[in-house]
Structures are given as structure tokens and as C-alpha cells.
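Take a look at the structure below.
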There are 2 protein chains.
Amino acid sequence: MERKDVRHSEIHFPEGIKWTRQRKAVYEVLWEEKEPLTPVKLYNLVEQRTADGEYALSTIYRILSAFEEKGLVEKDASMEDGTLLYSLRRGNHTHYAVCLECHKRIALANCPFAHLSLEQETEDFTITNHKLELYGYCKECRDSGRLRRP
Amino acid sequence: MERKDVRHSEIHFPEGIKWTRQRKAVYEVLWEEKEPLTPVKLYNLVEQRTADGEYALSTIYRILSAFEEKGLVEKDASMEDGTLLYSLRRGNHTHYAVCLECHKRIALANCPFAHLSLEQETEDFTITNHKLELYGYCKECRDSGRLRRP
DNA sequence: GATGCAAATGCAATTCATTCGCATCTGAGA
DNA sequence: TCTCAGATGCGAATGAATTGCATTTGCATC
């Protein structure tokens, strides 16, 4: 069983939550991955990198809910097809460009709304947050010349 | 919320597609509704407004896929929870402000990226489309004073 | 208006993601 | 070390979406 080297000292497990073996494993995988993950992908990654026991998929779901409640992760859905994606809250605020061909998600360097204040008050609506996704084709798919909708 | 009277003569059923009773009913409901709808809500609305027979939910799904393929409807998912939403393609390009309390979706008057050309070419990525959602609280929920995350 | 057939529908069964109930286990405070 | 609220594993239940197949139906052609 291949086991990636992890420097645990780098990871700081936030307080105020019970850190079980399973929760640590999930947190570590999220810490290492830069892309948002579906619960099932996360489950596979956790299974694959740990030798110390089996995990139940339902536990992964419960852990993600708990993390979300504590504000440790951000849950959002791809606007493309609605699949749920989880990523660690790292303080920064990221948008993605999604390739319509290979479904790769590329993080944008910065948010086009960064200059707006976080809380925007208008007559009818108080904006607290926003989500943006760009769609198109990544360099590789564009150059491969085999696009589904050219 | 005003309920518009529909003159069927206003509706133009695009050509190049077989217009069955069921497809017309779905198209009409989509035509009348300003908000994007889930397949199930659409199913209920169609059942409710037609006296001429029963509909199968699977048919609604197949009709929506067919409409999407023909470019008649736009399918997207709420970034909030991933529920699939369908709306008629009316040529314009709409974003929504979503109330985190009552889940109402309010159409924005215009797109903040309207000044950008539709196809944006960059080094690594060719942008063909984008989706934006604003989150926060609508006037009614804000004033009701009973917000879940105040 | 009648006919033929490819395509659309209804129905039931199936798949897949997500949630839930409950018995057992365990992290972390006393 | 002991204790127990809360976390987990497992399997069953839910719910959305898809699929296979027998039947029906627009609509192009006569």
C-alpha cells in the first residue's frame, strides 16, 4: 500500500472538535488536495492512503457535514451538473474555470469582485457571498483539436 | 407575486422538434415561469394545470434533456446545494440572487460581465460562458428578523 | 382523410448519491 | 484509568435520475 509522506507538523487541526482517526485522515486529504472533491473521491483517496483501517462512506458524509458546520470546509456544487464539492476553507476566496471537455477545474488567481466590500447592502437584498464559475476549454483540450462543441 | 395570464397564441413552438401534448405542456409551464424549476416542480406544475391526462416523471426528464439538446432550455445547478434547475432560453443571460433563508431566487437586472466579450481568449483557457450567483438575504427575510445566520 | 413508422411516452425496475437507525466503539475530560 | 457524549460501521431506506421495453402518437407521405 503506497503511503504518501505527510508532515503532520504542517497541519494544524483546529480546536473545538473531536479529532478521531477518520476525521484526521479526511482533513489531511483535503489539506493536500488543491481541487474541490466529491465525497466519493474523497472516500477513495482516504481509503487509498491509509493502512490503518476501513472507512464507511456514510462516515465521510457525516464528517463533511460536521466540518461544514464548524466552518472548516466549504461545500458547493458545480453549476455545470450539480455535483457536490468540498474544499478546505483556507481564508482565501477562490473561483474556478471549468473545462467543458475534460472537467478539470483551474483556480483563478483572483476574484473579479475582490474590490467590493464583503457585505453589500442594497435596497432589496443584502449580499453576503457570491459564487462564480467560468466555463470554456483549457489549453490542452483546445490544442488537442477534439472538442465536443467546437 | 402577480400571476400572468397566458395567451397561448403568444407562445411560438420552435420548429425542428416533435411537439407532443406533453412537450407542449412542459414548454408552456417553462414559458410562464420566470424562475428556474427543478424537474419535480415542473412535473407538479404540469400535472396541476392540465386536465388532459397523466404524465410520467421520466417523461419530464426526457423532455428536458431533449429541450436542452435543442438549446431550448438552459440547465444549471444551484451552487448552494446542487439541485438541478431548468429555464427557458430567452436569449438574455440572467444571474440570480439567492436568499439563504427562504431560497427565493431573484433575477438580477444585468450581468456584471456584460461589458466583456462573450468569448474571452486567454493564454491557458478559452472562456465561453460563466455563471454567477449572489447569496444573502432578501428584504422580507432581513426585515422579519429571524435569520438563521444573522 | 388515411397510413406507416421513427420517435415519444408510460410504467416498472434499476442505478447512484445521500441519509438514517441502531448497536458498538472511542477521544478526551474528569 | 474511567466514563460517556458523540463518532463510527453497517445495512437499510430514501430520493433523484436513468433505462428497457411494450405501447402510443406526431407528422410526413400518400
Side-chain angles (χ1 to χ4, degrees), chain A residues 8 11-30 36-47 50-70 72-86 103, chain B residues 8 11-30 36-47 50-70 72-86 103:
Chain A
H8 284 226
I11 301 187
H12 157 245
F13 294 110
E15 306 208 343
I17 184 172
K18 196 162 155 181
W19 285 103
T20 62
R21 185 179 86 246
Q22 295 86 336
R23 287 176 173 201
K24 282 181 180 169
V26 167
Y27 196 85
E28 284 171 12
V29 170
L30 286 168
L37 296 170
T38 65
V40 173
K41 272 190 202 152
L42 189 50
Y43 170 73
N44 290 330
L45 286 171
V46 168
E47 284 269 295
T50 43
D52 55 350
E54 299 295 306
Y55 295 83
L57 183 53
S58 62
T59 301
I60 303 289
Y61 278 101
R62 282 193 274 227
I63 288 174
L64 288 171
S65 297
F67 282 6
E68 197 200 354
E69 194 132 330
K70 295 282 177 187
L72 300 181
V73 300
E74 176 154 26
K75 163 185 170 181
D76 40 28
S78 162
M79 286 182 115
E80 201 190 355
D81 60 3
T83 49
L84 292 182
L85 297 167
Y86 290 86
H103 297 93
Chain B
H8 284 222
I11 302 188
H12 156 245
F13 296 109
E15 306 208 343
I17 183 172
K18 198 163 155 180
W19 285 103
T20 62
R21 186 180 85 245
Q22 295 85 336
R23 287 177 171 201
K24 282 181 180 168
V26 167
Y27 196 85
E28 283 172 11
V29 170
L30 286 168
L37 296 170
T38 65
V40 174
K41 271 190 202 152
L42 189 51
Y43 170 72
N44 291 329
L45 286 170
V46 168
E47 284 271 294
T50 43
D52 55 349
E54 300 295 307
Y55 296 83
L57 183 52
S58 62
T59 300
I60 303 288
Y61 280 102
R62 283 192 272 225
I63 288 175
L64 287 171
S65 297
F67 282 6
E68 197 199 354
E69 195 133 328
K70 295 282 177 188
L72 300 181
V73 301
E74 176 154 27
K75 163 184 170 181
D76 42 26
S78 162
M79 287 182 114
E80 201 189 356
D81 59 4
T83 48
L84 291 182
L85 298 167
Y86 290 86
H103 298 93

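Residue contacts for A/L84: at a heavy-atom cut-off of 4.0 Å it reaches the sugar-phosphate backbone alone, with no base atom in range. Across all strands, B/T83 comes closer than 4.0 Å to no nucleic acid atom at all (heavy-atom distances). A/T38 comes within 4.0 angstrom of no nucleic acid atom, judged by non-hydrogen atoms across all strands.
Taking OH of A/Y86 as the start and NZ of A/K41 as the end, the distance is 14.5 Å to the nearest 0.5 Å. Within the model, atoms CD of A/E47 and OH of A/Y55 stand 8.0 Å from one another, a figure rounded to the nearest 0.5 Å. To the nearest 0.5 Å, atoms CG (A/L64) and CG (A/L84) are separated by 10.0 Å. B/T59 contributes atom OG1, which lies 9.5 Å from atom OH of B/Y43 (distance to the nearest 0.5 angstrom). Taking CE from A/M79 and CD from B/E80, the interatomic distance works out to 10.5 Å, rounded to the nearest 0.5 Å. Here the straight-line distance linking atom CD1 of A/I63 with atom CD of A/E68 works out to 14.0 Å at 0.5 Å rounding.
Contact annotation: the side chain of A/L30 never approaches that of A/L72 to less than 4.5 Å [non-hydrogen atoms, C-beta and beyond]. In this structure, the side chains of A/T38 and A/L85 come closer than 4.5 Å at one or more pairs of heavy atoms.
Taken residue by residue, residues 61-69 of chain B places heavy atoms nearer than 4.0 Å to DNA chain C at B/R62, B/I63.
Side chain of A/K70 to main chain of A/G16: a donor-acceptor pair is present (N/O by atom type, distance under 3.5 Å, no hydrogens or angles).
If you take OH of B/Y55 and C1' of C/dA8, they are 13 Å apart, rounded to a whole angstrom. Nucleotide C/dT18 holds its P atom 14 Å from the OH atom of A/Y43, rounded to whole Å. One can place CG of A/L57 at 15 Å from C1' of C/dT15, the figure rounded to the nearest angstrom.
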In 5'-to-3' order, the base (B), backbone-only (S) or no-contact (-) status of each nucleotide in nucleotides 24-30 of chain C, using a 4.0 angstrom heavy-atom cut-off, is --BSS--
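OP1 or OP2 of C/dT9 lies within a sub-4.0 Å distance of a side-chain N or O belonging to B/R23.
Classification of the A/F67-A/Y27 ring pair by plane angle, with boundaries at 30° and 60°, yields perpendicular.
Taking every heavy atom of both residues into account, B/A77 and A/D81 meet most closely at CB-C, 4.2 Å.
The nucleotide range of DNA chain D contacted by chain B, defined by atoms under 4.0 angstrom from heavy atoms of the protein and reported 5' to 3', is D/dA16 to D/dC27.
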